[in-house]
Amino acid sequence: MELSKNYIPGPIEQKWNEHWKTKKYFKSSSADKRPAFTVVIPPPNVTGVLHMGHTLNETVQDILVRKARMSGFNACWVPGSDHASIATEAKVVDMLKREKGIDKKDLSREEFLKYAFEWKEKYGNIIYGQIEKLGCSVDWDRVSFTMDDHYYKAVIKVFVDLYQKGMIYRGARMINWDPAAKTALSDEEVEYKDVTGKLYYIKYAISESQNAVGGREEDYITIATQRPETIMGDVAVCANPHDQRYAHLKGKKVFVPLINKEVPVIFDEYVDKDFGTGILKITPAHDINDFNIGLKYNLPVVDTLNADGTLSEAAQIFIGEDRFEARKKIVEELREKGLLVKEEEYQTRMGYSQRSSAVVEPKISTQWFVKMKELAQPALEAVTSGDINIHPGEKFNATYKYWLENVKDWCISRQLWWGQQIPAWYDEEGRFVVAETEQKAKEIFNTQYSIINAQLKQDEDVLDTWFSSWLWPIEVFKGITEPNNNDINYYYPGAVLVTGQDIIFFWVARMIMAGMEYMKEKPFSDVYFTGMVRDKMGRKMSKSLGNSPDLLTLIHEYGADAVRFGIMISSPAGNDLLFDESSLEQGKFFNNKLWNAMKLLKMWEEGRRLNAEGSKLKADSGSQFAIKWFRSRLNEARNEVETLMKQFRLSEALKTIYSLIWDDFCSWFLEWIKPEYGSAIEQEVYENAVSFFEELLHLLHPFMPFITEEIYHLVKEQEDDLTVKQFAPVAKADMHLLVAGEKLKAIITAIRDTKNKNTIKPKEVISLFIETNDTASYQPIKEILLKQTNSDHISFNETPDTSSIMIVVGNEKFYIQSNTAVDTSVQKEQLNKDLNYLKGFLISVDKKLSNDKFVQNAKPEVIALERKKKQDAEEKIKVIEETLAIL
RNA sequence: GGGAGCAUAGCUCAGUUGGUUUAGAGCAUCUGCCUUACAAGCAGAGGGUCCGCGGUUCGAACCCGUGUGCUCCCACCA
């Protein structure tokens, strides 16, 4: 077969995806006897396509899942997507307007949902396609969507259940209002940004003074506010009772400017004497603090804003104008009337809607809430007791704990259509009951209010999207709708959840709550937080900046394996990573390295020398040493990788494998066993090399599944597929062989370096003379040493010509004899450099050893090690000094 | 205003119970190679006051304190 010069990923990836699918390798059944390894995908929103953050997430999950599958687990990775109520609804509304010229208000709920489901179909499929292209080994028969029929029912069931337990209530509270999406938001959906705002100082006339307007300075008080457009909602002004400046106002009233509404002056400790003018306007409808003060003093609430952020009739002036337009006009009018004392710049934080980016408006509104305190307790314990482990824990345990300890009630109703409609039913008098169906609601009305066949209307609102996704680890196995079914019993709890740290409160904490409440058990044992993917300049990847590359374009350009490699190689758990395409390129080069190693083995296969039956490899042959050494090196690395994977240190595991393959296998091992040009490789050597290669592919497969599967089949005819293959457990490495291997590498490198520094061409044949008192140790490595340094001769403890170059490796002396004229100054320079280093080193060791306290306190093995270091250094110094003396 | 994290080579980062050398890797740089697996490569090399200061210790990149500079989370000061 003709093999291409370089690895071409496209067709190969497609081939294996199809093959794996046909073989149903990633299908998992609860009838299986093996232990389960369950992972549920954080369902991507059906708002668009996958970005680099998803790519990192899915890759991490796939590595863990494939690793488990290849280690004897019944791995089950559930794919799916999230309806993302507000985010998707906004996109659909936007699309309808732009592409079809349709306004949402002209559609019925049913018509709108039809469009929304079409949207979901389209983008859901794009996302699933991307997940597949990336090589994710998910079970496509289990694909779930948070608005699937059973899922919808589960959400309703949980709502009704929590209501009946008294953990859901309906009430008027101050909530975060998104005037663009015209819906309530939870506290978590508000993002705060630092902005430079303005503080306006406005004069309020004291009513008992002679004249409300135009009087003397002392007839006014000045109040600072950021929001002059809300003054019409003022119901009082408030000062600190200990503030002497305002003591004279006790029992007085003031006029709200422009509308000349008379409001009382009240006193409360809440007011900070030193901020602004020390006096505060109270606007209960538009500020949470004011609302609380209003409650305390039983003040009325005047809501001067409409749902869309325009001024309402209650404002009396500028009715229908946008709140920010109105602000400008009011400031202008105040200035004209001489009621604006000054305006100054002011650093503040403003809340923005996570979805629509509109400035969030505090608003009193009747909404549905979940009581969180009770739910939070078991979820807190699950983490503090160590039942659930967060990685990296030191960074997130505290955050998690703090949030749960201070959790507030969760506003779950949204004034939208896309989502699970709240199962509350109202009669004409506004009485309501909560029930899963209208029929059941009627029955309750019948028993509760003795109304037969009540005319009921369902609550218009839908539930927060997170109120459905918190059931994800349970309901993807129908654990809510069909409790105790085989799947949920077998697959729950999951092994590990991999997600971004930004949704720790939105999702992770709430999933744990739901798990503890409905399964009486944690939903997963480990949580792995990935960092945020940023661009090279450290900026967040975002559509608006245009710095987020398209996943399919990247896969097309580099191949899925290279994309996976590139994103994994520099992303330790929890740390942000700066995405740089050069790491993808590194992945592409690595593909090629593997491809070419395979080609070399194929070449050897064709020309290999089949040993006569029973014949053994010659003792002390270079190949024999190479095989023994690499066996040890491979064992050592496999053990390392095993440990790293258990600790979720995936990028380090990948680095270990990368260097094992590139350096130890390709650069050393393959070169050591490479036969002379024109001669064939021995059968036994060839077979060992292939079997090592297979083991390496196995090790790498979870990270780079496509190329490893392809090469696994190309290098040798196989009866099985790598993706489901298990390898024998790893044995311990032989330390003596590892040390011998390192020594051999050091000698080869030193000799090559010396040739290089002395301008001896690498190809030029040299002779080696070695001064050693351990000649025997050179027997197994002699052959390799000759070949790798291009030497034709090696002799021990013989005196070479005076023209040879002397170097020191370890504490042994090497002479290199060549035909090239030798410049002794180069050697001297090198030797002197080494000597200086060693002398400095010796001083530092001596310092330690001559310190009595060190000798008394340090562990015996540490002291022994230092003594050994001292001895080695001294020997080496001696050898170098001898050499220099000769020169 | 509270809390957390980070600071190591030009760049991106490892360095997990304080003692394997006077600190490692990849990329980038430099030198030499068109060697029959791979120029998407091979063989080498150079490059660091481990952010500053102080402390604990026989011994600190690592532990403690402090300063500086970034990043993130939480919080109702008009």
Side-chain angles (χ1 to χ4, degrees), chain A residues 3 5-7 174 192 199 223-227 238 270-272 274-283 287-292 346 348-349 362 392 394-399 402-403 406 501-502 504-505 532 534 536 538 569-572 574-578 580 582-583 585-586 588-604 647 649 651-652 655 658-659 666-667 670-671 674 677-678 748-749 752-757 759 761-763 788 790 837-838 840-841 843-845 847-848 851-859 861-863 865-866 868-869 872-873:
Chain A
L3 292 169
K5 188 166 153 58
N6 290 324
Y7 176 64
M174 181 67 88
Y192 291 90
L199 207 51
I223 295 179
T225 178
Q226 289 184 67
R227 305 204 54 195
C238 186
Y270 167 78
V271 179
D272 180 354
D274 301 320
F275 189 90
T277 58
I279 192 156
L280 176 64
K281 75 189 195 71
I282 304 295
T283 321
D287 185 283
I288 179 70
N289 306 304
D290 294 12
F291 178 71
N292 290 333
Y346 178 64
T348 185
R349 286 169 71 78
E394 59 286 2
K395 207 165 169 179
F396 295 111
N397 277 332
T399 315
Y402 182 84
W403 188 76
N406 298 283
Q501 52 190 268
D502 49 333
I504 182 167
F505 308 134
M532 202 183 296
R534 298 168 177 279
K536 256 194 280 192
I569 197 70
S570 61
S571 72
N575 282 1
D576 287 359
L577 80 113
L578 304 190
D580 187 343
S582 72
S583 66
E585 196 169 42
Q586 195 188 341
K588 190 167 123 182
F589 295 168
F590 187 35
N591 276 331
N592 205 44
K593 191 70 184 173
L594 289 160
W595 181 254
N596 279 292
M598 179 273 296
K599 270 169 60 187
L600 180 63
L601 289 170
K602 288 305 281 184
M603 233 180 71
W604 287 347
Q647 298 170 322
R649 293 158 69 183
S651 65
E652 280 170 74
K655 276 177 191 166
Y658 176 81
S659 152
C666 293
S667 295
L670 288 180
E671 295 300 329
K674 191 183 260 183
Y677 179 61
I748 293 168
T749 302
R752 284 172 176 169
D753 181 33
T754 306
K755 285 176 90 171
N756 195 353
K757 285 208 171 79
T759 65
K761 295 269 178 227
K763 272 196 280 188
Q788 295 292 286
N790 236 328
Y837 173 87
L838 282 165
F841 175 61
I843 289 167
S844 79
V845 177
K847 219 159 92 186
K848 272 189 204 170
N851 186 329
D852 288 342
K853 286 185 180 168
F854 172 72
V855 180
Q856 282 162 23
N857 295 321
K859 280 180 266 180
E861 58 264 34
V862 173
I863 298 172
L865 190 71
E866 292 298 317
K868 174 89 171 35
K869 283 194 222 163
D872 287 351

P-based separation of B/G15 from B/G67 [nearest Å]: 27 Å
Partner residues of A/K755 under the side chain to side chain donor-acceptor pair (under 3.5 Å) criterion, sequence neighbours left out: none
B/U35 phosphate, OP1 or OP2, under 4.0 Å from A/K674 side-chain N/O: no
Same-atom distance (C1') from B/U12 to B/G55, integer angstrom: 33 Å
Integer angstrom distance from the C1' of B/A7 to that of B/U66: 16 Å
Nucleotides 43-48 of chain B: protein proximity per nucleotide (B base, S sugar-phosphate only, - neither; heavy atom, under 4.0 Å): SSSS--
Interatomic distance at P, B/U17 relative to B/U31, whole Å: 41 Å
Involving RNA chain B, stems made of at least three consecutive Watson-Crick or G-U pairs, both distances under 3.5 Å: B:1-7 with B:68-74, B:10-13 with B:24-27, B:29-33 with B:41-45, B:51-55 with B:63-67
Nearest-angstrom distance, C1' atom, B/C13 to B/A23: 14 Å
Closest-nucleotide ordering on RNA chain B, the 5'-leading residue of A/I288 and A/Q586: A/Q586
Sugar-phosphate, base or nothing in reach of A/K869, heavy atoms under 4.0 Å: sugar-phosphate
Between B/C34 and B/G48 - C1' atom distance, rounded Å: 36 Å
Between protein and nucleotides 69-75 of chain B, what N or O pairs are separated by less than 3.5 Å?
{"residue": "B/A75", "atom": "N6", "partner": "A/R349", "partner atom": "NE", "Å": "2.6"}

Any side-chain heavy-atom pair of A/F275 and A/L280 under 4.5 Å: no
Distance, P atom - from B/C76 to B/G2, rounded to whole angstrom: 16 Å
Sugar-phosphate only, base, or nothing, as touched by A/K588 at under 4.0 Å among non-hydrogen atoms: base
Short side-chain N/O contact to B/U57 OP1/OP2 from A/K853, under 4.0 Å: no
Protein-nucleotide distance (A/N591, atom CG; B/A40, atom P), rounded to Å: 15 Å
Nearest to side-chain heavy atoms of A/K5, which nucleotide of B/C58, B/A37, B/C38: B/C38
Sugar-phosphate only, base, or nothing, as touched by A/C238 at under 4.0 Å among non-hydrogen atoms: nothing
Sugar-phosphate only, base, or nothing, as touched by A/V845 at under 4.0 Å among non-hydrogen atoms: nothing
Nucleotide of B/A40, B/A14, B/C76 approaching A/N289 most closely (side-chain heavy atoms): B/C76
N or O in side chain of A/Y270 less than 4.0 angstrom from B/C76 OP1/OP2: no
Which residues share a side-chain contact (heavy atoms from CB on, under 4.5 Å) with A/F505, sequence neighbours left out: A/E188, A/T399, A/W403
Integer-rounded Å distance: B/C33 P and A/K755 NZ: 14 Å
P atoms of B/G69 and B/G52, separation to the nearest Å: 16 Å
With A/Q226 via side chain to side chain donor-acceptor pair (under 3.5 Å) - residues at least two apart: none
